[in-house]
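Heads up, the thing below is written out as structure tokens.
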Amino acid sequence: MTRRIRQIAGALGLTGTLLVLLAAPAAASGESIGGCAVEAAVHAEEEYGSLHAVEEDKKLFEELEKEMEGCLEAPSPIIPEVDEIIWGGAAFLVLFFFMVWKGMPAVQGAMKDRADKIASDLDAADTAKSDAAKIKADHEAALAGAKSEANQIIEDARAQADQLKAELTARANEEVAEMRTRAAADADAARSQALNDLRGDVSEIAIGAAERVIGSNLDRDAQSALVDAYIDEVARG
Amino acid sequence: MADDRIGGYADALLAVAAAEGASDVVEDELFRVAEAVRSNDNLLATLSDRNLPVERRQGVVEDLLGSSAHPTTTALVSMVVGTGRGADLPAIVDETVARSAAGRNATLARVRSAIDLTDDQKSRLAAAIKSKTGSDVEIRVVIDESVLGGVITEIGDDVIDGSVRSRMTQLRESFS
């Protein structure tokens, strides 16, 4: 790109230089009114020998006068001089061919490069657009997957919570039932223990009373009878 | 070592009783004294207290036995207590009685009863035990009112319990 710009700038500079150089001869072809009159006088003197001879010949004088009057006429502002047309045309042609030779390829190359670049940029833009669309699609798919996964996670969590709730409820019910059973067992055990204690106390009181009654009522004969019974029992084996 | 000492004292007691010609009486009285000491912790502690003067411990023996026991019995118990073996008196007497019975090819049967047994009851009980164990026994009766009624016979480690006390104990256990 920079190289193309430098080539175009160089061609424009060369064209300007040629215009200046070729314009100089054109400018030199123009002449002043005095110069034109002097030139006409010199031309008349060389042709007729001297100006005096021209002044004496009325016809020659009128021709010189006419020629000098012609010097008073201004050049056309529109129609250039012939030599100027020739130089200008030559310069134009040179410049034209130079531009065709040097500038056209550069301009065509730059335009082609520009077109290629625009095409490349368009392709890149299309590719980027395609990629963006793909990324967008991927993101949308990922977002949809994330939403689905989030919904699944929520469902799983809800299911786990329900399961945990059910387990805790069942465990609590089991514990309550176990506590009731244990409490009933403890109550039964306490009742049984109380009955046993009461039975023991009653039996202790009764047996103690019986021992006292026996101890006070067993006279010697009764004691002797018990000894005899014991001996008989030992003898029977 | 302790068994040898107790055996030595037992042999000494047997020898003295035999020398005095009162073996049966002395053995019977020694047995009763030993049972009394065994059943009375305060008496056993007093007779075993080495901090008490020997005369004081022997004075207790004299006060307990005095004229109610054979002099040989009193002298032998006083001797054992005087030598500082009051705590071993029950074991020494048990060994004495056992060795005496063994000398007559018999086994000692300790009979606990609320009343003393008659000679007939003793002989019938000895016969019954012999029929059961196959060996002669010598009956030594210990008056123990805690049995309430009936008899408890101890032959070595064997016990034949026919006391009212054991019946009451069984009844109490059946209620508990």
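Letters go in sequence order (proteins before strands), and every chain restarts at 1. Below, each value reflects all heavy atoms present in this structure, side chains not excepted, and no hydrogens, waters or symmetry copies.
- For residues 92-129 of chain B, heavy-atom neighbours of chain A at less than 4.5 Å comprise B:Ser113, B:Ala114, B:Ile115, B:Asp116, B:Leu117, B:Gln121, B:Arg124, B:Leu125, B:Ala128, B:Ile129, sorted by residue number.
- Using non-hydrogen atoms only and a strict 4.5 Å limit, no part of residues 27-55 of chain B faces chain A.
- Using a 4.5 Å cut-off between non-hydrogen atoms, the part of residues 220-229 of chain A that approaches chain B consists of A:Arg220, A:Gln223, A:Ser224, A:Leu226, A:Val227, A:Asp228.
- In terms of the side chain to side chain contact (heavy atoms under 4.5 Å, CB included) criterion, residue partners of A:Arg158 (sequence neighbours excluded) are, by chain and number, A:Ile154, A:Glu155, A:Asp162.
- Proximity to chain B is absent for every atom of A:Asp201, based on heavy atoms less than 4.5 angstrom apart.
- With a 4.5 angstrom heavy-atom cutoff, B:Val164 touches chain A only via side-chain atoms.
- The environment of B:Asp24 atom CG is sparse: at most 12 non-hydrogen atoms of other residues, nucleotides or ligands sit within 6.0 angstrom.
- Residue A:Tyr230 comes nearest to B:Thr153 through the heavy atom pair OH-OG1, 2.7 Å, listed as atom of the first residue, atom of the second, then distance.
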